[in-house]
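Naming convention: chains lettered A, B, ... in sequence-line order (proteins, then strands); numbering from 1 in each chain.
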Protein chains: 2
Amino acid sequence: MRSPVTMADVARRAGVAASTVSHVVNGTRPVSAVLRQRVLDAIEETGYVPNRVARSLVTSDTHLIGIVMSALTNRFFVPVVSAIDRVGRRHGYSSVLADSRDRVDSEVEAVNTLLSRRVDGIVLAPAPGDRRQVLDRLVAEEVPTVLIDRWADGRFDWVGVENVDATANLVRHLIALGHTRIGLVSGMRGLSTTEERVAGYRLALDEANLAYSPSLVVPGKSSAGPAEQALGALLDRPQPPTAIVSANNYMTIGVLQGLRKRGIRVPDDMALVAYDDLDFAELLQPRLTVVAQPVAQIATEAVNLLIKRIANRDLAGPRQVIRLPGTFVHRESCGCPSGAPLAGSVKPAEGGPSQERKARAEAPGRGRGGLAGSDKPTVVGMS
Amino acid sequence: MRSPVTMADVARRAGVAASTVSHVVNGTRPVSAVLRQRVLDAIEETGYVPNRVARSLVTSDTHLIGIVMSALTNRFFVPVVSAIDRVGRRHGYSSVLADSRDRVDSEVEAVNTLLSRRVDGIVLAPAPGDRRQVLDRLVAEEVPTVLIDRWADGRFDWVGVENVDATANLVRHLIALGHTRIGLVSGMRGLSTTEERVAGYRLALDEANLAYSPSLVVPGKSSAGPAEQALGALLDRPQPPTAIVSANNYMTIGVLQGLRKRGIRVPDDMALVAYDDLDFAELLQPRLTVVAQPVAQIATEAVNLLIKRIANRDLAGPRQVIRLPGTFVHRESCGCPSGAPLAGSVKPAEGGPSQERKARAEAPGRGRGGLAGSDKPTVVGMS
DNA sequence: ATGAAAGCGCTAACAT
DNA sequence: ATGTTAGCGCTTTCAT
């Protein structure tokens, strides 16, 4: 069995009281150099590893941060884990996961598990549907929680991206290029991001006095397969669109797949722009014109905010809503030649309704190694 | 502050002893219908959530599985998390993460954290370098551990992929197509996967009586940027290769990037094959000929094995080594026309040295929605 | 079928 | 500067 060497063992070996061992381990009170050394030696010799669960029982904190999201499907999953590791390492936090599978019932189960494990705080990307049960619970238990990605409830801190204007910019650009029949492959129902992106699409149409046709908006359910199917519906219309907007990364993959199968070339036969950059967007031909989310930054802000809340639970203060801007990345799938200036002035955002704090624009370099000069896409920061 | 409603509170409210509450919660001994109901009601009314950390202190198990790997860089990260969630949910396991950043010192830190949190078991993808310290520790503490991806030590269970023959097959295919100068962009030094893939490359060369030239093997360090640089070295040779093998997914991205920048077309100017399939391999032009790892299956096997070990720590038995076959996916980047039969008979594997168990071949469909008939790549199972 | 009591390994008063 | 002691919230003998 596993090392049952306890603090008492160490104390005995060092010839001191258990509390002394505790204090040298935690530096919680001065210990004479001699005893400290004796204790350190004893620890070394016995291979003692402090038992954090026993510690947690008395201090009633676990230094555990719970993450609730659909692991595979949510693009914030890995960045959040990384942020907790990076930021949290300094403060001794670790992360525990709970997959919600994007269904409220699993979400409830997930939150309960985390609650019973007494996590110090939770980062949650709310599943679509009625999440009142989970959220009420979280409020009742008063466990520090920050919502991420999808907005769901004014009682919580939230960090996410600006969707309305960013999507509108995508559409404005297409309109500036002369398109009037623009299809939208939209996301899962019940997600704020889905609704906001649809709203952005309609906004741009309105501005240009183009009629909104419901049949041009097809449900891609936020994933590739359904998106490919939804695309079919669009293409089978008597008057297919001349341009398509895909509302998230996974759906973009489905759309590309579908277009390819039908032998429809981008952008010659069909212009395509998308919400979310893809890791491999640069490698596709044509390269995709997209709005990129500052994913890493969102994750980092969320974790920082959470840790701050945990640190002073009392100084609660007003809930923070951090809505970060997306970045318009102009490449060629919209139909523009490589390096062309951006058609259709990208309007500056006017500040979301619940925007309480303006964040700095994301740094241009998004990490994935520099591109050669002429190959560089035009990056337009949006705020 | 957080719900401090304890088992004692519930007991008082229900007018029973704490032990009775415990037994109805855990079903550990019969409780009369009346009392059981009273307890259940009290729990309901108080919103009691059992404190798992207190429980852990007495039972000395946490139902926590630790995951140690380079979160962002390791392709097994998300699949392992998913597997723990899927398999573990039935048994009440959750996962705690620790990012090793692929450096032994962080790895030591990570393992220590998990040890102090008293996880019931660990899934570890060993960092490159001298991991004796970590592994000795794990052995000493006798915490059930399964190694994944990179093989490191005979004292542990291990689950990973067959590399030698799979890589050889890639090279054999190129040779069959007439290539004699074949470059290899290889992975990080100190990783078993790197060494095995180089060995496979050499094996195929030997079989064909082609000379092995060290300068045709360049260090891509398992990531995109370095791979792109390494590619440069290959291309700047007086006699550049006519075909390239990329030894993992991230490096393939770098290689593609580099080739594109130099205006080198695949496969016309340069044939390209790779270890690891890419999520978007189907979307590239040309589509990539690769060996795909059964990632999800590896993760699932690892987690199942670990949970089994945890269940009966004593019945230790011999260490298991599960080496799963890769799948040759024949597409067009090798220079073959779409749907062409596979040139260069792909030799069946001969069983790795430490192969103790033969696993079934991965099911052909790899999840990402069916391809249209004529577009379907030729998939050749390897064992 | 139920209750009382001991104790898991630690921290944090409270002594001295 | 160090030791003693009383819990943290639970499980699990041991009684009854």
Side-chain N,O (B/Thr20) to OP1/OP2 (C/dG3) below 4.0 Å = yes
Bounded by its outermost nucleotides with an atom under 4.0 Å from a heavy atom of chain A, the footprint on DNA chain D reads D/dA1 to D/dG9
Is any side-chain heavy atom of A/Asn304 closer than 4.5 Å to a side-chain heavy atom of A/Val87?
-> yes
Between B/Arg131 and B/Glu107, is there a salt bridge with N-O shorter than 4.0 Å?
-> no
Under 4.5 Å between any side-chain heavy atoms of B/Pro79 and B/Ile298, yes or no?
-> no
Test item: A/Arg89 and B/Ser106 side chains (from C-beta on) under 4.5 Å apart, heavy atoms = yes
With the sugar-phosphate defined as primed atoms, P, OP1 and OP2, and the base as all remaining atoms, what B/S/- string results for nucleotides 11-16 of chain C, 5' to 3', for protein heavy atoms under 4.0 Å?
-> BB-B--
Could you tell me whether the side chain of B/Asp85 reaches within less than 4.5 Å of the side chain of B/Ser95, counting heavy atoms only?
-> no
Within the structure shown, what part of the strands sits under 4.0 Å from B/Val53 by heavy-atom distance: base, sugar-phosphate, or nothing?
-> nothing
Pairwise side-chain contact, B/Thr73 with B/Ser222, heavy-atom cut-off 4.5 Å (strictly under) | no
5'-to-3' dot-bracket of DNA chain D (Watson-Crick, G-U; under 3.5 angstrom; crossing pairs as [ ]; | other strand) = ||||||||||||||||
Counting only non-hydrogen atoms, which of residues 31-42 of chain A are less than 4.0 Å from DNA chain D?
-> A/Val31, A/Ser32, A/Leu35
Carboxylate-amine/guanidinium proximity below 4.0 Å for A/Arg38 and A/Asp41 | no
Looking at A/Lys308 and A/Asp157, does any basic side-chain N land under 4.0 Å from a carboxylate oxygen?
-> no
Is there any salt bridge (Lys or Arg N to Asp or Glu O under 4.0 Å) pair reaching into residues 70-79 of chain A, and which pairs are they, with sequence neighbours excluded?
-> A/Arg75-A/Asp276
With sequence neighbours excluded, what pairs up with B/His63 under the ring pair (Phe, Tyr, Trp, His ring centres under 6.0 Å) test?
-> B/Tyr93
When B/Ala17 and B/Leu57 are each assigned the nearest nucleotide of DNA chain C, the 5'-most assignment goes to B/Ala17
Between A/Arg155 and A/Asp136, is there a side-chain N and carboxylate O pair less than 4.0 Å apart?
-> yes
Is the closest side-chain donor-acceptor distance between A/Arg117 and B/Ser94 under 3.5 Å?
-> yes
Under a 4.5 Å cut-off applied to non-hydrogen side-chain atoms, are B/Arg319 and B/Trp158 in contact?
-> no
